[in-house]
Chemist: 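Take a look at the following structure, please.
Since this is a predicted model, take the numbers as computed values, not measurements. Protein chains get the first letters and strands the later ones, always in sequence-line order, with residue 1 at the start of each.
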Number of protein chains: 2
Amino acid sequence: MISQTSEYALRAVICLAQHPGELHTATKIAKLTKVPDPYLSKVLLILAKHEVVISKKGLHGGYGLAHSPDKITLWTIINAVDPIKHIKSCPLKLESHGTHLCRLHKRVNDSINMIEELFKTSTVTMILDQPTKSIPLCESKK
Amino acid sequence: MISQTSEYALRAVICLAQHPGELHTATKIAKLTKVPDPYLSKVLLILAKHEVVISKKGLHGGYGLAHSPDKITLWTIINAVDPIKHIKSCPLKLESHGTHLCRLHKRVNDSINMIEELFKTSTVTMILDQPTKSIPLCESKK
DNA sequence: TAATAAAAGGATAAATACATCTTTTTATCT
DNA sequence: AGATAAAAAGATGTATTTATCCTTTTATTA
């Protein structure tokens with residue numbers, strides 16, 4: 001439902017949010033999130049371009065959050081790496097439908113809107129703060 | 001959000017439902033739904049294997065609905081060609097998480113459940129019967 | 001200012017999804 | 001029974017997504 005790339009991006013940001021203020025190298029994040037290292041670099045690059053994370057080059061550089069975790073939503077992250085595409089006009093290009101969707105495509109588009117809304121209202125803080133048994137990305141000690 | 005293949009499958013079934021009881025050749029459905037002909041054949045094959053549609057070989061054969069349109073949901077169709085995958089256990093394979101999802105993956109999985117629920121409660125009849133301006137797949141006459 | 005550690009960029013490869021083409025099988029009608 | 005029209009099956013091709021590797025640039029620190 002969401003792409004592998006989006007899943008990786010979510011993991012990376014959540015990972016950074018667990019140590020706010022600190023910088024982490026791509027390699028370190030890759031290990032913690034179990035994402036292929038070179039691929040994660042590309043993903044982080046995209047996140048940096050969209051100003052979800054900041055990057056600092058050179059010795060002791062790395063990646064960090066660009067905003068406080070309660071300002072970053074899951075939507076922000078997903079939308080940066082793999083934007084959710086809405087159905088704006090008839091996929092069959094029927095002239096008479098144009099921008100007025102038929103019920104089939106309306107329904108499909110509704111589902112897209114629903115998901116988008118859920119992601120827009122989910123901040124990174126919400127993911128991290130709710131008390132539950134398992135901490136995102138972390139193996140829990142007995 | 002849904003695959004191209006799912007979109008094609010939805011179109012094909014809606015198309016068949018517009019002429020209930022009748023059989024249509026794959027080629028005819030392909031034209032009406034603006035789906036690449038040989039590809040739609042494969043999609044229809046899958047739909048037939050999952051008993052969403054029935055196929056009749058030979059002269060005057062073709063495809064038809066296997067059930068009445070109010071028994072077929074969008075979920076049935078999508079699930080046949082491109083099953084919705086739930087997150088059942090930790091994608092990072094963290095032992096301590098196991099089948100108990102962390103909040104990140106719980107949230108993502110919730111969105112999957114939401115969409116699935118919407119599709120499960122959308123029958124083909126609902127798509128066809130609600131009065132609106134544009135009729136699914138059909139160019140409307142002035 | 002030289003050595004180093006990190007991101008950034010480019011080229012390439014593998015896997016998967018999407019699409020087409022050709023042949024074979026099956027049922028129907030004359 | 002033979003001709004025909006349709007699905008079914010198999011082989012192949014293209015595009016996109018995912019993943020890897022190697023080089024270049026940049027900042028830091030000694």
Side-chain angles (χ1 to χ4, degrees), chain A residues 1-13 15-16 22-66 78-85 91-92, chain B residues 1-13 15-16 22-66 78-85 91-92:
Chain A
M1 197 54 60
I2 67 168
S3 69
Q4 195 63 20
T5 305
S6 292
E7 160 78 21
Y8 290 164
L10 290 171
R11 286 190 206 173
V13 174
C15 178
L16 287 173
E22 294 173 32
L23 291 183
H24 298 274
T25 68
T27 302
K28 191 179 167 195
I29 302 168
K31 267 194 193 114
L32 290 169
T33 56
K34 299 198 175 176
V35 173
D37 188 340
Y39 192 70
L40 186 64
S41 296
K42 306 286 179 183
V43 175
L44 285 167
L45 206 63
I46 299 170
L47 288 173
K49 287 210 175 104
H50 284 81
E51 295 179 323
V52 177
V53 302
I54 48 141
S55 72
K56 201 181 161 206
K57 283 180 155 193
L59 189 54
H60 299 148
Y63 289 97
L65 290 189
I78 292 170
N79 207 54
V81 297
D82 193 9
I84 293 172
K85 291 174 287 294
L92 284 82
Chain B
M1 196 54 62
I2 67 167
S3 68
Q4 195 62 21
T5 305
S6 292
E7 160 78 21
Y8 291 165
L10 290 171
R11 286 190 206 172
V13 173
C15 178
L16 287 173
E22 293 174 31
L23 292 182
H24 298 272
T25 68
T27 302
K28 191 178 166 194
I29 302 168
K31 269 199 191 108
L32 290 169
T33 56
K34 298 198 175 175
V35 173
D37 189 340
Y39 193 71
L40 185 65
S41 295
K42 305 287 181 183
V43 175
L44 286 167
L45 207 64
I46 300 171
L47 289 173
K49 287 210 176 104
H50 285 81
E51 295 178 323
V52 178
V53 301
I54 49 143
S55 72
K56 200 180 162 210
K57 283 180 156 193
L59 189 55
H60 299 150
Y63 289 97
L65 290 188
I78 292 169
N79 207 55
V81 297
D82 193 7
I84 292 172
K85 289 175 289 294
L92 283 81

Chemist: So what does Ala26(B) hit on the nucleic acid, given a heavy-atom distance under 4.0 Å: a base, only sugar-phosphate, or nothing?
Modeler: sugar-phosphate
Chemist: Determine: side-chain N/O of Lys28(A) to OP1/OP2 of dA5(C), distance under 4.0 Å, yes or no.
Modeler: no
Chemist: Under 3.5 Å between N/O atoms: give me all the protein pairs with nucleotides 26-30 of chain C, atom names plus distance.
Modeler:
from: dT26(C); atom 1: O4'; to: Lys57(B); atom 2: NZ; distance (Å): 3.4
from: dT28(C); atom 1: OP1; to: Lys56(B); atom 2: NZ; distance (Å): 3.4

Chemist: For side-chain hydrogen bond (donor to acceptor under 3.5 Å, both in side chains), just list the numbers for Asp82(A) and Thr5(A), CA-CA rounded to whole Å, side-chain angles, deciding distance to a tenth of an Å, and then say yes or no.
Modeler: CA-CA 7 Å; Asp82(A) 193 9; Thr5(A) 305; 5.9 Å; no
Chemist: Base, sugar-phosphate, or nothing: which does Pro38(B) touch, judged by heavy atoms less than 4.0 Å apart?
Modeler: base
Chemist: If I take atom CD in residue Gln4(B) and atom P in nucleotide dA19(C), what distance separates them, rounded to the nearest angstrom?
Modeler: 5 Å
Chemist: Is any side-chain N or O of Tyr39(A) closer than 4.0 Å to OP1 or OP2 of dA15(C)?
Modeler: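 Checking Tyr39(A) against dA15(C): no side-chain N or O falls below 4.0 Å of OP1 or OP2.
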Chemist: Could you report the tightest heavy-atom contact between Leu40(B) and Tyr8(B), atom names first, then the distance?
Modeler: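 Answer, listing the atom of Leu40(B) first, then Tyr8(B): CD1-O, 4.2 Å.
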Chemist: Is it true that, when you exclude Glu22(A) itself, more than 12 heavy atoms of the residues, nucleotides or ligands shown sit nearer than 6.0 Å to its CD?
Modeler: yes
Chemist: Rounded to whole Å, please give me the gap between CD1 in Ile29(A) and C1' in dA7(C).
Modeler: 11 Å
Chemist: Which nucleotide of DNA chain D is the first, and which the last, in the 5' to 3' direction, to come under 4.0 Å of a heavy atom belonging to chain A?
Modeler: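 That gives a stretch of dT18(D) to dT29(D).
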Chemist: Between Thr27(A) and Asp37(A), do the side chains contain an N or O donor and an N or O acceptor separated by less than 3.5 Å?
Modeler: yes
Chemist: Counting any heavy atom closer than 4.0 Å, what does Ser41(A) reach on the DNA or RNA strands: base, sugar-phosphate only, or nothing?
Modeler: nothing
Chemist: Would you say dA19(C) has OP1 or OP2 under 4.0 Å from some side-chain N or O of Tyr8(B)?
Modeler: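 For dA19(C), OP1 or OP2 has a side-chain N or O of Tyr8(B) closer than 4.0 Å.
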Chemist: Is Thr27(B) touching bases, backbone alone, or none of the nucleic acid, heavy atoms closer than 4.0 Å?
Modeler: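 Touches nothing.
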Chemist: Do the side chain of Ser6(B) and the main chain of Ile2(B) share a donor and acceptor less than 3.5 angstrom apart?
Modeler: no
Chemist: Would the distance check show the side chain of Lys34(B) and the main-chain N or O of Leu92(A) forming a donor-acceptor pair, the cut-off being under 3.5 Å?
Modeler: yes
Chemist: Using every non-hydrogen atom in the two residues, find where Tyr63(B) and Ser41(B) come nearest and quote the distance to one decimal.
Modeler: OH-O, 4.2 Å
Chemist: To the nearest angstrom, how far is Leu23(A) atom CG from dA5(C) atom C1'?
Modeler: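 Distance, rounded to whole Å: 13 Å.
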Chemist: Quick one: Ile2(B) CD1 to dC18(C) P, roughly how many Å, whole number?
Modeler: 11 Å
Chemist: Which is more 5' along DNA chain D, the nucleotide nearest Thr25(B) or the one nearest Lys42(B)? Just name the residue.
Modeler: Thr25(B)
Chemist: For residues Leu44(B) and Val53(B), report the shortest heavy-atom separation together with the two atoms involved.
Modeler: O-CG2, 3.8 Å
Chemist: Minimum heavy-atom separation for Gly64(B) to Leu23(B), with atom names?
Modeler: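 Minimum heavy-atom contact is N-CD2, 3.7 Å.
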Chemist: May I ask you to evaluate whether Ser55(A) reaches the phosphate of dA6(C), defined as a side-chain N or O under 4.0 Å from OP1 or OP2?
Modeler: no
